[in-house]
Amino acid sequence: MLGDEEDVFDSVTWESPSAPYHADHTVQPSGPGFKQSTAGAEDERGPHDPKWEGYLIVTVKDPVKELAETKDAYVSYLVSAKTNLPIFSTPNPSSRRRFQDFVFLRDHLVKDFPACVVPALPDKHRLEYLTGDRFSPEFMERRRLDLHRFLERISRHPTLQRSTLVRAFFESTEWHVHMHQHLAHPPGPEPTPGLIDNISDTLLNAFARVRKPDERFLDMRESVDKFEDGLVVCERLWNRVRGRTNGGGLAPGEDLTADYHDLAVAVQGLGFLESGITDPLSHFSNTLLEFSALLRHKTQTTTDPFLVHLHSLLTYSHANRAVLKLRDQKQLDFEELSDYLSGVTQERDRLSAVISGHAGSTGLGLSAYLKDKVDSLRGADDDRSRVEKMRKLDVKIKELQDAVTTAHETSDAFSDETLREQTIFQYTKEAEMKEMLGNLADGEIEFYQSAMEEWERIIPIIQRIRVDV
């Protein structure tokens, strides 16, 4: 749709229509994933609005088969960028990377930025790996487009585009060394098993649901559900259109491309029988063949890329859904820990009441009474054991209080970050849909224009047929 790489994202309006557009990058930075801003706009930003510090325009091109004559053969791709981000040492970084390098980048961005929507990579396509077709030009080109879209989504993210791992991915001439260093010294602290990890599985049910859901995130989840439902319907319908246009293995009458080809052959056969109009019918047959070829070309250059992009956008939405689910888990951790703290505190109060001789005044009910009786039968009802148990409970209560405070802070921080992520995802989604639908429209227009030219050329030839009345 757009020939200039630098215009891929600029066509999306971030500001209101009255906001001035700044085309000069040196004065007003712009580009993929960079929201236009002015000095006044900075003060108007909400607490959950993302902040872009520059642009990162990426390309993936020139797939090359490396170690071609060995069993370790693989395909490398030239990844390059244009950027004004200060974290990069050069405005035009580039390097060659293989698919495994993209996998490492993606996996560790997910670990380093758990609250960010990190796009998924294309599948490995095991069938092509078994048959050797992964080195075919068609497969490498399809993989190149998928990897380009993956990096483009990262480049549009204001946090991911500035990560040291992304910088090294584009710049480093010793990428394998950097990978080992990143594994040995990850940017964040190593996760240590917390109190929440030590609680019994019977307490923390994996299928538990948030008891006090936040309306903001309920609305987001509903919006994601509707968006994905719409994508699934579009994908199903366009697959049906593709099948009827150029299905290949469909029954006769259900493949337009093949039908027009067969019709051309039939018309050509008529031309041999009608000696007076053999030449016009031959031209008409050629037009049908050209139209059949145009249909096939439209499928390959417009419909198939549209379907691939549509499915890719669906997997990107799944990554967004995963972040929403992780946010719910953070809130659930806080709620479960709070309940656990409440139960331990009640047990400590019960023991305190028993020791002081006011067991009936705690209001803990029948369960506390039965527990006292069970302890009595076990011989564990003496005051010394109760005091020791209370001491241990006091220590656990202190640990739980700290854990609850940490879980609450984590849940709140994750919620704030998730709100920013939804804004970023919305920007990227709108830009991709505009690009995707624009490319589809351009392809359809090109097809119909070419088809009209073909049919217009045959009209004078048909009109020259003499009909004697």
Side-chain angles (χ1 to χ4, degrees), residues 5 8-9 31-33 52-64 66 74-83 85-125 129 134 140 142-188 190-191 312-313 315-320 322-323 326 417 421 424-425 428 432:
E5 293 171 352
V8 169
F9 211 48
W52 279 266
E53 294 185 1
Y55 63 84
L56 179 64
I57 305 170
V58 301
T59 57
V60 179
K61 56 186 179 181
D62 190 24
V64 174
E66 310 280 2
Y74 64 92
V75 178
S76 70
Y77 303 85
L78 179 64
V79 295
S80 56
K82 295 179 182 179
T83 182
L85 291 168
I87 192 173
F88 286 86
S89 60
T90 173
N92 298 291
S94 66
S95 58
R96 295 204 72 88
R97 298 286 180 254
R98 60 187 297 184
F99 184 76
Q100 290 180 0
D101 299 329
F102 285 85
V103 173
F104 182 92
L105 174 66
R106 198 262 172 187
D107 289 348
H108 287 271
L109 285 178
V110 171
K111 291 179 182 178
D112 298 344
F113 303 96
C116 291
V117 180
V118 181
L121 279 167
D123 295 333
K124 267 275 195 177
H125 299 289
Y129 275 73
R134 66 189 177 110
M140 289 194 292
R142 188 165 71 247
R143 171 63 58 81
R144 183 197 67 78
L145 286 171
D146 288 337
L147 296 177
H148 173 82
R149 191 168 292 124
F150 166 75
L151 285 185
E152 198 171 52
R153 287 166 178 165
I154 289 177
S155 73
R156 289 170 174 168
H157 196 289
T159 301
L160 300 179
Q161 67 172 194
R162 293 182 287 112
S163 71
T164 56
L165 192 60
V166 169
R167 179 197 65 190
F169 185 82
F170 282 98
E171 288 187 346
S172 179
T173 57
E174 297 180 338
W175 171 246
H176 291 287
V177 175
H178 191 90
M179 285 195 296
H180 289 301
Q181 290 177 344
H182 193 87
L183 288 171
H185 307 287
E190 282 292 324
S312 177
L313 194 57
T315 61
Y316 191 30
S317 182
H318 291 340
N320 180 46
V323 170
L326 187 57
E417 189 61 35
E421 284 300 307
I424 296 167
F425 179 76
T428 304
E432 287 205 18

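As the structure is a computational prediction, the values presented were derived from the model and not from experiment.
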Report yes if the side chains of [X] and [Y] come closer than 4.5 Å at any heavy-atom pair, otherwise no.
X    : Y    : value
S163 : L109 : yes
L165 : L160 : no
S80  : N92  : no

Among L56, V58, V166, find the residue that satisfies the side-chain contact (heavy atoms from CB on, under 4.5 Å) test when tested with L151.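 Considering L56, V58, V166, a side-chain contact (heavy atoms from CB on, under 4.5 Å) with L151 is found only for V58.
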From the options R97, R98, E66, select the one residue that forms a side chain to side chain donor-acceptor pair (under 3.5 Å) with S76.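 Answer to the side chain to side chain donor-acceptor pair (under 3.5 Å) test with S76 among R97, R98, E66: E66.
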State the [atom1]-[atom2] distance between [X] and [Y], to the nearest 0.5 angstrom.
X    : Y    : atom1 : atom2 : answer
F104 : H182 : CZ    : NE2   : 5.5 Å
E171 : H178 : CD    : NE2   : 10.5 Å
K61  : S94  : NZ    : OG    : 8.5 Å
R167 : T90  : CZ    : OG1   : 12.5 Å
D62  : R144 : CG    : CZ    : 10.0 Å
D101 : Y74  : CG    : OH    : 8.5 Å

Donor + acceptor pair across side chains of R156, T428 (<3.5 Å):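 The criterion, which ignores hydrogens and geometry beyond distance, is not satisfied for T428 and R156.
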Could you tell me which non-hydrogen atom of [X] sits nearest to which non-hydrogen atom of [Y], and how far apart they are?
X    : Y    : result
T83  : Y55  : OG1-O, 2.8 Å
V118 : R106 : O-NH2, 3.4 Å
R162 : I87  : O-CD1, 2.8 Å
G54  : Q161 : O-OE1, 3.4 Å
V323 : C116 : CG2-O, 3.5 Å
A115 : E421 : O-CG, 2.9 Å

Show the numbers, then the answer: is there a side-chain contact (heavy atoms from CB on, under 4.5 Å) between V117 and I424? CA-CA 9 Å; V117 180; I424 296 167; over 6 Å; no
I would like to know whether F102 and V79 meet side-chain contact (heavy atoms from CB on, under 4.5 Å); could you show each step before the answer? CA-CA 11 Å; F102 285 85; V79 295; 3.6 Å; yes
F113: what forms a ring-ring contact (aromatic ring centres under 6.0 Å, His included) with it, not counting sequence neighbours?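 For F113, no residue satisfies ring-ring contact (aromatic ring centres under 6.0 Å, His included) once neighbours in sequence are set aside.
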Taking only residues two or more places apart in sequence, or in another chain, which ones meet Y77 in a ring-ring contact (aromatic ring centres under 6.0 Å, His included)?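 Y77: no ring-ring contact (aromatic ring centres under 6.0 Å, His included) contacts found.
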Please determine if R153 forms a cation-pi arrangement with Y316, meaning its NZ or CZ atom is less than 6.0 Å from the six-membered ring centre and no more than 45° off the ring axis.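 Verdict for Y316: a cation-pi partner in R153.
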Show the numbers, then the answer: is there a side-chain contact (heavy atoms from CB on, under 4.5 Å) between F150 and S312? CA-CA 9 Å; F150 166 75; S312 177; over 6 Å; no
Any donor-acceptor pair under 3.5 Å linking the side chain of S95 with the backbone of F169?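 A pair under 3.5 Å: yes.
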Test of understanding: with side chain to side chain donor-acceptor pair (under 3.5 Å), list the residues that count as partners of D107, not counting sequence neighbours.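 D107: no side chain to side chain donor-acceptor pair (under 3.5 Å) contacts found.
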